[in-house]
Amino acid sequence: MGNPKILLFDLDGTLLRNDKSLSEYTLEILSKCKGCGYLIGISTSRGEQNCLSFLREMKPDILISSGGALVLVNEKIVCSSSFSAIETKNFIESARKICGMDCEITVDTLEAHYWNYKTDPKEQDKSWGDSIYTDFTDFKHEALKICVEIHHPNLAQKLCGHFSELDSQHFSDGDWYKFTKSGITKEKAILAVCEACHADVSEIAAFGDDYTDIGMLKLCGIGVAMDNAVQEVKDIADDITLSNEEDGVATYLEKWII
């Protein structure tokens, strides 16, 4: 691959350290990349409002959030796909029936991130920012993405079986599953970005670590796995860099891109 036009990064386990911070070294290298004319992009399962709390210093040109359900280029919405308020309500009710009335749930909307955790996540992790507590009893919002903590894979399969128009993905760092409208993926979002930016997927270098990044790394011109990535990601990657704790993204960019 020649020099890429777009540099695309997952957040958790990739660009962010384990304490959810961006190191000064990483910020410096990203700034140099922008100065060289590269477009900086984020592709994450986090919701827009949640992930922007990390990125105000960086100001990415491209933001793919909620696992691909919302795509922004230069802060303008390129595309979005959400469950209707009725679909969201029905899904939450089904999740509670199948996984237990006390199952933990999060919902991304265009405006906010909602949760019903038993313990306030902001007390454990300040990166949750302005997330809003709700018991979801009378939730009346469209959802870009819904996440449910499900301790048994068969229950996740049973929940999916109740709905034909959704996709699910298991996160590697726990018992959480992500649900979006059918066909919503980081790969589809990347194709929308390419159209908006008049670029080809071969002109993108993408970095990731988890199952949700596999399609993205396979699609782009070069896919780089973090050393802390799950083995399945490493197996399909074109290259492997240092871990997120070792500023693997910045190290790779400085050596191979800048």
Side-chain angles (χ1 to χ4, degrees), residues 6-31 33-34 38-73 75 106 108 112-113 115 121-122 124-131 144-145 147 169-174 176-178 180 184-187 189-190 193 204-217 219-220 223-230 233 237 240-253:
I6 299 172
L7 306 175
L8 195 57
F9 313 102
D10 175 48
L11 278 180
D12 295 278
T14 301
L15 200 61
L16 298 177
R17 288 183 168 180
N18 292 342
D19 65 0
K20 310 306 179 186
S21 67
L22 275 169
S23 72
E24 290 300 320
Y25 174 44
T26 294
L27 286 169
E28 176 190 351
I29 295 300
L30 291 174
S31 179
C33 288
K34 289 197 80 167
Y38 296 105
L39 296 178
I40 302 298
I42 299 298
S43 181
T44 178
S45 292
R46 285 182 179 262
E48 177 196 7
Q49 298 304 317
N50 183 248
C51 69
L52 283 176
S53 61
F54 307 107
L55 306 173
R56 302 199 188 282
E57 295 175 83
M58 200 179 80
K59 296 182 179 177
D61 305 289
I62 297 158
L63 179 59
I64 297 171
S65 60
S66 297
L70 180 64
V71 182
L72 291 89
V73 175
E75 300 183 349
T106 69
D108 290 344
H113 176 80
W115 52 273
K122 289 178 283 188
Q124 303 176 40
D125 184 351
K126 299 299 182 184
S127 72
W128 286 97
D130 296 324
S131 299
L144 292 163
K145 181 196 74 182
C147 288
Q169 179 68 61
H170 178 225
F171 293 115
S172 65
D173 58 348
W176 283 89
Y177 289 76
K178 171 182 70 72
T180 54
I184 298 305
T185 62
K186 290 185 177 183
E187 304 92 272
I190 290 168
V193 166
I204 303 176
F207 298 73
D209 72 301
D210 209 345
Y211 299 117
T212 56
D213 301 318
I214 289 175
M216 175 175 76
L217 267 58
L219 175 67
C220 294
V224 182
M226 310 303 293
D227 189 56
N228 53 281
V230 296
V233 173
I240 298 174
T241 187
L242 299 176
S243 73
N244 64 317
E245 282 290 278
E246 300 169 291
D247 293 325
V249 167
T251 300
Y252 188 94
L253 294 176

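Throughout, residue positions are numbered sequentially from 1 according to the sequence presented. All of these numbers come straight from a predicted model, not from anything done at the bench.
Annotation: side chain of V249 is in contact with side chain of T14 (closest heavy-atom distance under 4.5 Å). A heavy-atom distance below 4.5 Å is not found between the side chains of Y38 and L253. A 4.5 Å side-chain heavy-atom check between F171 and K178 finds at least one atom pair inside the cut-off. No side-chain heavy atom of V233 sits under 4.5 Å from any side-chain heavy atom of Y211. Between I62 and L39, some side-chain heavy-atom pair lies under the 4.5 Å cut-off. Contact annotation: the side chain of L8 approaches that of I190 to within less than 4.5 Å [non-hydrogen atoms, C-beta and beyond]. Proximity of M226 to I240: side-chain heavy atoms (C-beta onward) are nowhere separated by under 4.5 Å.
A donor and an acceptor atom, one from each side chain of E246 and S243, are located under 3.5 Å apart. No donor-acceptor contact under 3.5 angstrom links the side chains of T212 and D210, judged on distance only. Side chains of S66 and D108: a donor on one and an acceptor on the other come within 3.5 Å. In summary, the side chains of N244 and N18 do present a donor paired with an acceptor at a separation below 3.5 Å, with no hydrogens or angles considered.
Separation of the F207 and Y252 ring centroids falls under the 6.0 Å cut-off.
Atom-to-atom distance recorded for I42:CD1 and F9:CZ is 7.0 Å, nearest 0.5 angstrom. Note: I184 CD1 to Q169 CD = 14.0 Å, rounded to the nearest 0.5 Å. Note: T185 OG1 to L219 CG = 8.5 Å, rounded to the nearest 0.5 Å. Atom SG of C51 is separated from atom NZ of K20 by 12.5 Å, given to the nearest 0.5 angstrom. How far OG1 of T251 is from CG of L242: 5.0 Å, rounded to the nearest 0.5 Å.
Taking each heavy atom of D213 and G208 in turn, the nearest pair found is OD2-CA, 3.5 Å. Residues G248 and T241 come closest through the heavy atom pair O-OG1, 2.7 Å. When all heavy atoms of C33 and L7 are compared, the pair lying nearest together is SG-CD1, 3.7 Å.
A donor-acceptor contact shorter than 3.5 Å is absent between the side chain of S65 and the backbone of G47. For S21 (side chain) and S23 (main-chain N/O), no donor-acceptor pair under 3.5 Å exists by modelled atom type. When atom types are taken as modelled, the side chain of K145 and the backbone of S45 share a donor-acceptor pair closer than 3.5 angstrom.
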I'd like to know whether R46 forms a side-chain contact (heavy atoms from CB on, under 4.5 Å) with D12, so could you lay out the CA-CA distance, the side-chain angles of the two residues, the decisive distance to 0.1 Å, and finally the verdict. CA-CA 9 Å; R46 285 182 179 262; D12 295 278; 2.7 Å; yes
Verify side-chain contact (heavy atoms from CB on, under 4.5 Å) between L15 and T26, making sure each step is shown before the conclusion. CA-CA 8 Å; L15 200 61; T26 294; 3.9 Å; yes
For V193 and I64: C-alpha separation, side-chain torsions, deciding distance, then whether side-chain contact (heavy atoms from CB on, under 4.5 Å) applies. CA-CA 9 Å; V193 166; I64 297 171; 4.1 Å; yes
Quick one: do D10 and S43 satisfy side-chain hydrogen bond (donor to acceptor under 3.5 Å, both in side chains)? Show the steps, please. CA-CA 5 Å; D10 175 48; S43 181; over 6 Å; no
May I have the step-by-step check of side-chain contact (heavy atoms from CB on, under 4.5 Å) for H113 and Q49, ending in yes or no? CA-CA 7 Å; H113 176 80; Q49 298 304 317; 5.9 Å; no
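Checking each of D209, L22, T44 against L11 for a side-chain contact (heavy atoms from CB on, under 4.5 Å) leaves exactly one that passes, namely T44.
A salt bridge links K34 to D61: at least one charged side-chain nitrogen sits closer than 4.0 Å to a carboxylate oxygen.
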